[in-house]
> 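Sharing a structure, written as structure tokens. Questions coming.
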Protein chains: 2
Amino acid sequence: MKLSTRARYSLRLMVEIARRSDGGAPVSLAQAARGGDLPRRYLEQLVIGLKSADLLRGVSGKDGGYYLARPAAEIRVGDILEAAMGPLRIVDCVEDPRECLRADFCQCRQVYALINRRIREVLNEFTLEDLARKGGLQRGMERLEGKAAVGKGSGGTAPRGRSGRTVQGEETR
Amino acid sequence: MKLSTRARYSLRLMVEIARRSDGGAPVSLAQAARGGDLPRRYLEQLVIGLKSADLLRGVSGKDGGYYLARPAAEIRVGDILEAAMGPLRIVDCVEDPRECLRADFCQCRQVYALINRRIREVLNEFTLEDLARKGGLQRGMERLEGKAAVGKGSGGTAPRGRSGRTVQGEETR
DNA sequence: GATAACTCCTACTACAATAATCGGAGTTAG
DNA sequence: CTAACTCCGATTATTGTAGTAGGAGTTATC
């Protein structure tokens, strides 16, 4: 149930990049590592998954680094977790019955599927912007509380883009 | 994200016991193991957690075994998972800020807390009875779909007891 | 065109957790 | 008294996690 370090670091890395990528210049892992006190060498690994999920783009060479492949408001927490941890499934049999010999008569499977769906829904309601926002936390929380309280059906889980601005600068630590 | 074998086995074990405990006699691990093809020796370990969470009660001696500490409709999936895996927290800092040095300025924490709450909600909406029910799946599913689709606020997550009857007998495999 | 600061790629390693297995002591119905 | 259980404490093999290490390739700057 617990998120792996890998998952948490990936989220924090994305947050650091989101916060610092305001000036247009790519954010280096060294910067991100310092800002979020994360082991830089480890980030190098995590970044691979985030790139191939097309959440980050890399720029080689001096003054290189990474920038978000799309606005923070359009990157869902679920996207990041999926990139870091693989498919967001509570059990394999939910998607592919062949994974389980017992699939035809196992009642658990259907309940698993429903739970799994709901978890993905929550994960897709929150975006990187929610994580990266600084200040105005109180205001932010009200909005977030709303999100968390109102079950918004099962349908489209794409995040509605808003246009808050990400602040940069002041050392996070 | 994936449920551990430990967690899945615990659920299946509970299902086996629920299904077989109709006659009043306790269900032995040997029976449960055969019915759910689970390694009996391993179940002996899992049962420890389930007992101390007061979900199962043990009866020693010949014809001994285990029975549910309360009706299946009152045992939530979340209860079982918690007994099997420990506290249902996605990260430790959600409940205890001291877990994290960065707690005061970390925005993630609040979002984590909201996600965590929602996950616990889903897990507490489904009961052992939902998992153990045999036949009438179609009908069951409609009810379950309803559950999964309608976000029912954040309030009380105690399962509403219903009074379906658990079937017993016919070998599950 | 050297150099500094990066990304990028591939191993490697230490440690912890997971998924069991095993032997045997204690309990109880027949 | 014995067969069928629970109960208890070790032990083990395998995998996964978190993190390090070394170095090749890329690019702005002096």
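Throughout, protein chains are lettered first and strands after them, A, B, ... in sequence-line order, and every chain is numbered starting at 1.
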> Of the nucleotides D/dA18, D/dC7, C/dC8, which has the atom closest to the A/Arg6 side chain?
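That would be D/dA18.
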> With sequence neighbours left out, what residues match B/Arg6 under side chain to side chain donor-acceptor pair (under 3.5 Å)?
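By the side chain to side chain donor-acceptor pair (under 3.5 Å) rule, B/Arg6 matches no residue at all.
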> State which residues pass side chain to side chain donor-acceptor pair (under 3.5 Å) with B/Asp54; sequence neighbours excluded, sorted by chain then number.
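Here the qualifying residues are B/Arg57.
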> So, using salt bridge (Lys or Arg N to Asp or Glu O under 4.0 Å) as the criterion, who are the partners of A/Arg89 when residues are at least two apart?
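Here the qualifying residues are A/Asp92, A/Glu95.
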> Take the protein atom CG of A/Leu3 and the nucleotide atom C1' of D/dA18, then report the distance between them rounded to whole Å.
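Between C1' of D/dA18 and CG of A/Leu3: 15 Å.
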> Between C1' on C/dC6 and OH on A/Tyr67, what's the gap in Å once rounded to a whole number?
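So the two atoms are 15 Å apart, to the nearest Å.
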> Return whichever of A/Ala7 or B/Leu29 has its heavy-atom-nearest nucleotide of DNA chain D closer to the 5' end.
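Its nearest nucleotide being more 5', the pick is B/Leu29.
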> Calculate the interatomic distance between B/Lys2 atom NZ and D/dT17 atom C1'; express it in whole Å.
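In whole Å, D/dT17 C1' and B/Lys2 NZ are 16 Å from each other.
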> Mind calculating the distance between CG (A/Leu46) and C1' (D/dG19) to the nearest angstrom?
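So the two atoms are 10 Å apart, to the nearest Å.
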> Within the pair A/Lys51 and C/dC8, is there a side-chain N or O less than 4.0 Å away from OP1 or OP2?
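True: A/Lys51 side-chain N/O within range (under 4.0 Å) of C/dC8 OP1/OP2.
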> Between C/dA19 atom C1' and B/Leu13 atom CG, what is the distance in whole Å?
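To the nearest whole Å, that distance equals 15 Å.
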> Suppose we screen for side chain to side chain contact (heavy atoms under 4.5 Å, CB included). Which residues come up paired with B/Ala83, at least two apart in sequence or across chains?
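So B/Ala83 forms a side chain to side chain contact (heavy atoms under 4.5 Å, CB included) with B/Leu50, B/Ala53, B/Leu55.
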> Taking only residues two or more places apart in sequence, or in another chain, which ones meet B/Glu44 in a side chain to side chain contact (heavy atoms under 4.5 Å, CB included)?
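B/Glu44 satisfies side chain to side chain contact (heavy atoms under 4.5 Å, CB included) with B/Leu29, B/Arg40, B/Arg41 only.
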> Measuring from A/Glu74:CD to A/Leu68:CG, what's the distance to the nearest 0.5 Å?
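If we round to the nearest 0.5 Å, A/Glu74:CD and A/Leu68:CG are 11.0 Å apart.
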> Whole-Å distance between D/dT6 C1' and B/Ile17 CD1?
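Answer to the nearest Å: 12 Å.
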> Would you kindly give the CG-to-C1' distance between A/Leu50 and C/dT7, to the nearest whole Å?
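To the nearest whole Å, that distance equals 15 Å.
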> If the sugar-phosphate is the primed atoms plus P, OP1 and OP2 and the base is the rest, what is the B/S/- string for nucleotides 20-30 of chain C, using protein heavy atoms under 4.0 Å?
BBBBB--BBS-
